[in-house]
Every structure is written in C-alpha cells, then in structure tokens.
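Notes for the one structure printed next.
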Amino acid sequence: MAVRIPLVLALILLTEPVFGAASGLNIIPTADVLDKGTAAVEVERAGEQTHIFTNAETALLTQLGLGKGIEIGYDDYSDGISFGAWNVKLAVAWRNGSPAAAIGVQNVGNNIKSQPYAVGHVPLGCGRLHAGLIGIESSTHPMFGYDKPLNERVTFQADYIEGNENAGSVGLCFRLNSKLELTAAYIRNNSGLNRDIYLLTLSWYPSIF
C-alpha cells in the first residue's frame with residue numbers, strides 16, 4: 001500500500017470550470033470534500049498494460065459526504081490478500097464556498113499503517129495546483145498535483161508523491177454524465193520492480209440523502 005494511495009473520485013460543481021476527481025487525483029487526496037448526502041462508489045483496476053483486464057488488482061472504493069466539509073469512506077482491496085481500510089477528511093479552509101485546504105487520514109484498519117495528510121490547492125491559470133504532506137510508514141513526504149479541464153467533459157490530472165516507495169502519475173478523467181465518470185491513468189513508481197502501472201476507475205455518484 002506504500003505505492004498506491006487510495007483515491008476517490010467525486011463530482012462537485014465549482015464556481016470555476018468543472019473538475020474531475022473532486023476528492024482525489026490519480027494517487028493523492030485533494031482538499032475537495034463531497035457534499036452532504038452525496039456518495040461515490042467506484043471500481044478500480046490497477047496492473048500492467050497487458051494485464052489490466054485479466055490479471056489486475058481490484059478495489060471497491062466508497063465515500064460519503066456527512067456534512068459541511070466532512071466525508072468518510074471505506075475501501076475494499078484485493079491484491080493477493082484482501083483487506084479493508086477506512087478514511088476520513090475534514091475541510092479546514094474555504095475559498096468561494098469550496099474547500100481550499102483539508103486534513104485527513106487514510107489506510108485505517110487492522111494490520112496496516114494509517115496515512116495522515118494535510119493538503120490544499122490554489123488556482124493556477126484555468127486549473128488548480130495542489131500541494132501537501134502525507135505520512136507513509138515512518139516518514140513524511142511532500143505531494144503535489146495539478147488538474148485542468150480540457151473541455152466540459154474531460155479533465156487532465158497529474159500528481160506525485162516524493163520518496164523511493166512512492167510514485168507519480170498522469171491521467172484523464174472523462175465525465176460520462178452527471179453521475180458517472182471514468183478515469184484512465186499511467187502511474188510510474190519512483191523505484192523498484194513493476195515501475196509501470198495502468199489504472200482504470202469507474203465512478204458513480206448517487207445521492208443518498
């Protein structure tokens with residue numbers, strides 16, 4: 001789990017152009033938080049290019065907005081050994097009615113190490129620049145990201161976490177309709193075996209309450 005950070009995609013309408021990946025980019029969390037009563041349900045496949053559909057890791061990711069600036073989620077992973085992990089996020093600063101900075105923790109569960117983080121974003125041209133810190137194992141690592149709408153249905157997103165055990169990525173988020181998105185990303189591990197990973201995530205955003 002040190003390489004692949006659980007990511008959750010959600011659809012939030014901003015005062016600026018619509019961005020994909022509202023709760024996270026390809027591998028890093030963002031300051032965005034789901035609206036109250038909005039859920040995100042996703043199926044994620046990660047693996048080598050030739051095995052993305054036949055021999056990839058699978059995850060079921062869920063997230064729910066509980067109130068202004070609060071969301072909680074549970075992710076179920078199957079990568080040889082199945083396990084589950086909780087996450088929670090709290091917005092701590094706002095800009096134009098949308099979260100601009102947040103603190104949270106992910107990978108909370110039995111026999112895994114939790115990952116606390118703090119992250120924020122600032123407008124940069126037509127896109128947003130994200131930056132923060134995340135605790136992985138016993139170290140704290142800087143993380144960076146950028147997302148920019150290419151048109152009303154496609155958003156470019158890239159991110160990076162410093163450290164030999166971590167990774168960087170580039171990808172596209174496709175808004176299929178108001179409640180459905182598809183993200184395709186290329187992830188390159190900073191070091192080690194299996195450096196090239198391909199990620200597909202299908203995301204659905206139902207209103208729960």
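Keep in mind that this is a model prediction, so the values were computed, not measured. Throughout, numbering of the chain's residues begins at 1 and tracks the sequence.
Scanning both residues, Ile187 and Ser169, for their nearest heavy atoms gives CG1-CB, 3.8 Å. Across all non-hydrogen atoms, the minimal contact from Leu172 to Phe156 is CD2-CA, 3.9 Å. Taking both residues in full, the closest heavy atoms of Val108 and Ser114 are given as CG2-CB, 4.0 Å, listed atom of the first, atom of the second, then distance. The two residues Gly120 and Ala31 come nearest to each other via the heavy atoms CA-CB, 4.2 Å. When all heavy atoms of Thr155 and Asp147 are compared, the pair lying nearest together is CG2-CB, 4.2 Å. Considering all non-hydrogen atoms of both residues, Ile112 and Gly84 come closest at CD1-O, 4.0 Å.
Here OG of Ser139 is found 8.5 Å from CD of Glu162. Values are rounded to the nearest 0.5 Å. Asn26 CG to Tyr186 OH: the interatomic distance, rounded to the nearest 0.5 Å, is 12.5 Å. Distance check, rounded to the nearest 0.5 Å: CG of Asn87 to CD1 of Ile72 gives 7.5 Å. Note: Ile161 CD1 to Met143 CE = 7.0 Å, rounded to the nearest 0.5 Å. Residue Leu61 holds its CG atom at 11.0 Å from CG of Leu202, rounded to the nearest 0.5 Å.
With contacts defined as side-chain heavy-atom distances shorter than 4.5 Å, the pair Tyr117/Thr140 does not qualify. In this structure, Leu60 and Val43 have side chains that are in contact, with non-hydrogen atoms separated by less than 4.5 Å. Side-chain contact between Asn190 and Tyr160 is present, with heavy atoms from C-beta onward closer than 4.5 Å. Here the side chains of Ile134 and Val119 are not in contact, with every heavy-atom distance at 4.5 Å or above. Counting heavy atoms from C-beta outward, Trp204 and Lys179 have side chains that approach closer than 4.5 Å. Residues Ile70 and Val33 are not in side-chain contact: their nearest non-hydrogen atoms beyond the backbone lie 4.5 Å or more apart. Thr183 is not listed as a side-chain neighbour of Leu199, based on a closest heavy-atom distance of 4.5 Å or more.
Not counting sequence neighbours, the partners of Arg188 by the side-chain hydrogen bond (donor to acceptor under 3.5 Å, both in side chains) test are Asp196. With sequence neighbours left out, the side-chain hydrogen bond (donor to acceptor under 3.5 Å, both in side chains) criterion links Lys113 to Glu137.
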Notebook entry, point to check: Which is it for Asp76 and Thr62 under the side chain to side chain contact (heavy atoms under 4.5 Å, CB included) test, yes or no, and what are the steps along the way?
Noted result: CA-CA 9 Å; Asp76 183 71; Thr62 60; over 6 Å; no

Margin query: Run the side chain to side chain contact (heavy atoms under 4.5 Å, CB included) test on Asn177 and Tyr205 for me, step by step, so that the C-alpha distance in whole Å, both residues' side-chain angles and the decisive distance to 0.1 Å come before the verdict.
Written below: CA-CA 10 Å; Asn177 59 44; Tyr205 314 104; over 6 Å; no

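Side chain to side chain, Glu42 and Ser203 meet the donor-acceptor criterion of an N or O pair below 3.5 Å. When only modelled atom types and interatomic distance are considered, Gln106 and Asp75 share no side-chain donor-acceptor pair under 3.5 Å.
Linking Ile, Leu, Val, Met, Phe, Trp and Tyr residues whenever their side-chain heavy atoms come within less than 4.5 Å leaves Leu133 and Leu129 in two separate clusters. Tracing side-chain contacts under 4.5 Å through hydrophobic residues (I, L, V, M, F, W, Y), one never reaches Val92 starting from Ile28; they form parts of separate clusters. Under the 4.5 Å side-chain contact rule for hydrophobic residues, Leu66 and Tyr74 share a cluster. Residue Tyr146 is grouped with residue Val154 when hydrophobic side chains (ILVMFWY) are merged at heavy-atom distances under 4.5 angstrom, including chains of intermediate members. Under the 4.5 Å side-chain contact rule for hydrophobic residues, Leu25 and Val105 do not share a cluster.
Among the candidates Lys89, His130, Arg128, the single residue satisfying the side-chain hydrogen bond (donor to acceptor under 3.5 Å, both in side chains) test with Asp32 is Arg128.
A donor-acceptor pair is defined here as one N or O able to donate and one able to accept, closer than 3.5 Å; such a pair exists between the side chain of Glu71 and the backbone of Leu34. Looking only at distances, no side-chain donor or acceptor of Lys148 sits under 3.5 Å from a matching main-chain atom of Gly125. Under a 3.5 Å cut-off, the side chain of Arg95 and the backbone N or O of Val122 do not form any donor-acceptor pair. Checked by atom type and distance alone, the side chain of Arg45 never pairs as donor or acceptor with a backbone atom of Glu57 at under 3.5 Å. Using a distance-only test at 3.5 Å, with no hydrogens or angles considered, a donor-acceptor pair links the side chain of Asp159 to the main chain of Ile27. Distance alone, capped at 3.5 Å, is enough to place a donor-acceptor pair between the Ser191 side chain and the Asn164 backbone. Without hydrogens or angle criteria, Asp35 side chain to Ser207 main chain gives no donor-acceptor distance under 3.5 Å.
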